[in-house]
Amino acid sequence: MIQWYPGHMAKAKRMMQDNIKLIDVVIELVDARVPLSSKNPDIDKLANNKSRVILLNKYDMADQRHTDAWKDYFEAKGYFVALVNSKSGKGVKQVREIVNKACEEKIARDRRKGIINRPVRAMVVGIPNVGKSTFINSFVGKATTKTGNKPGVTKGKQWIRINKFIELLDTPGILWPKFEDPAVGIRLALIGSINDTIINKIDLALDLILFIHENYPDALKKRYEIEVTDPLEDKKDAAKVLEQVAIKRSCLLKGGEPDLERAANLLLDDFRSTRLGKITLECP
Ligand code: G4P
């Protein structure tokens, strides 16, 4: 995953500013497990005056109750929202309808000007790893043709004709994650969006244990068949849980001590592959 430093960020921002001028509707992907932490707030300024669609992607991995609440939350803010599993394709079809709906006003405006049947132009945006490429592949499907360069369009840009009504810019806009707030950083690290090598895995696993125990009290007991005594006050208490996980899963050092690093990896892996259940890390 990309390490974000100011140079990178400035470049991504410039690309976004250039591309956004060409489009009518922004299709913004967020991760349904962390819809706010995976959303870059700067996009609101960049996408000012554009129709806005939010896709709660990877909803197959998220807690449905919260996903529904997030849908309401974003709709109340004026977005058109869809739940999508880009990997399986579930929900992808309805995105066409939603894009059309989001652009109804623009289509009506065009019509008043005598412009009929001009497709709306869309761009997919999102922070790294939210599923942009997977979504585009699924959205585009097979039955489409690239339309190539057009007058008035920056050279080299490819538009993919989705249907009579929609054209999609073939390259997604990469937004930079905002993790100045440590809690946001932790959530992005938990879903695997921040390079693991720069993270203290044990610390991250302890954060996860505290969160899961509070919000999904049975998940750890069920997965690892361990006793988790209430309440877990702090990371020290969480470390005791991690120790139990290590012992149960035979993650042991040479002297027979629990190998917390390995146990942490195992736990994070289990979380990221939903073996601990469908867990959403933030609620509206
Ligand atoms: P990006 O372009 O935004 O950077 O993301 P990309 O499409 O590369 O997707 C990142 C990872 O998320 C991929 O997994 C992809 O398969 C997975 N993914 C995307 N959308 C969904 C979804 O709706 N549900 C689920 N469960 N997963 C999704 P990967 O581990 O990098 O690759 P792979 O193991 O799938 O091959």
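None of the values given here were measured: they were computed from a predicted structure. Ligands are counted one by one from 1 in listed order, and the atoms in each one are counted from 1 as well.
The aromatic rings of Trp70 and Tyr73 sit perpendicular to each other, their planes meeting at more than 60°, with 30° as the lower class boundary. Between Phe211 and Tyr216, the ring-plane angle classifies as tilted under the 30° and 60° cut-offs.
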At less than 3.5 Å, what protein N or O atoms come close to the N or O atoms of ligand 1? Include the distances to 0.1 Å.
{"residue": "ligand 1", "atom": "2 (O)", "partner": "Lys132", "partner atom": "N", "Å": "3.4"}
{"residue": "ligand 1", "atom": "2 (O)", "partner": "Ser133", "partner atom": "N", "Å": "2.9"}
{"residue": "ligand 1", "atom": "2 (O)", "partner": "Ser133", "partner atom": "OG", "Å": "2.7"}
{"residue": "ligand 1", "atom": "3 (O)", "partner": "Asn129", "partner atom": "N", "Å": "3.4"}
{"residue": "ligand 1", "atom": "3 (O)", "partner": "Val130", "partner atom": "N", "Å": "3.3"}
{"residue": "ligand 1", "atom": "3 (O)", "partner": "Gly131", "partner atom": "N", "Å": "3.0"}
{"residue": "ligand 1", "atom": "3 (O)", "partner": "Lys132", "partner atom": "N", "Å": "2.8"}
{"residue": "ligand 1", "atom": "3 (O)", "partner": "Lys132", "partner atom": "NZ", "Å": "2.8"}
{"residue": "ligand 1", "atom": "4 (O)", "partner": "Asn129", "partner atom": "N", "Å": "2.8"}
{"residue": "ligand 1", "atom": "5 (O)", "partner": "Gly131", "partner atom": "N", "Å": "3.1"}
{"residue": "ligand 1", "atom": "7 (O)", "partner": "Ser133", "partner atom": "N", "Å": "3.3"}
{"residue": "ligand 1", "atom": "7 (O)", "partner": "Thr134", "partner atom": "N", "Å": "2.8"}
{"residue": "ligand 1", "atom": "7 (O)", "partner": "Thr134", "partner atom": "OG1", "Å": "2.6"}
{"residue": "ligand 1", "atom": "9 (O)", "partner": "Thr134", "partner atom": "OG1", "Å": "3.4"}
{"residue": "ligand 1", "atom": "12 (O)", "partner": "Lys58", "partner atom": "NZ", "Å": "3.0"}
{"residue": "ligand 1", "atom": "20 (N)", "partner": "Asn57", "partner atom": "ND2", "Å": "3.1"}
{"residue": "ligand 1", "atom": "23 (O)", "partner": "Asn57", "partner atom": "OD1", "Å": "3.1"}
{"residue": "ligand 1", "atom": "23 (O)", "partner": "Lys58", "partner atom": "N", "Å": "3.1"}
{"residue": "ligand 1", "atom": "23 (O)", "partner": "Asn85", "partner atom": "OD1", "Å": "3.2"}
{"residue": "ligand 1", "atom": "23 (O)", "partner": "Ser86", "partner atom": "N", "Å": "2.8"}
{"residue": "ligand 1", "atom": "24 (N)", "partner": "Asp60", "partner atom": "OD1", "Å": "2.9"}
{"residue": "ligand 1", "atom": "24 (N)", "partner": "Asp60", "partner atom": "OD2", "Å": "3.4"}
{"residue": "ligand 1", "atom": "24 (N)", "partner": "Asn85", "partner atom": "OD1", "Å": "3.3"}
{"residue": "ligand 1", "atom": "26 (N)", "partner": "Asp60", "partner atom": "OD2", "Å": "2.7"}
{"residue": "ligand 1", "atom": "35 (O)", "partner": "Lys87", "partner atom": "NZ", "Å": "3.1"}

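Listed for the Glu282 side chain is a donor-acceptor partner under 3.5 Å among the backbone atoms of Ser37.
Side-chain N/O atoms of Asn265 and Glu261 include no donor and acceptor closer than 3.5 Å. Between the side chains of Asp230 and His213, at least one donor N or O sits under 3.5 Å from an acceptor N or O. Side chains of Thr134 and Asn137: no donor on one and acceptor on the other come within 3.5 Å.
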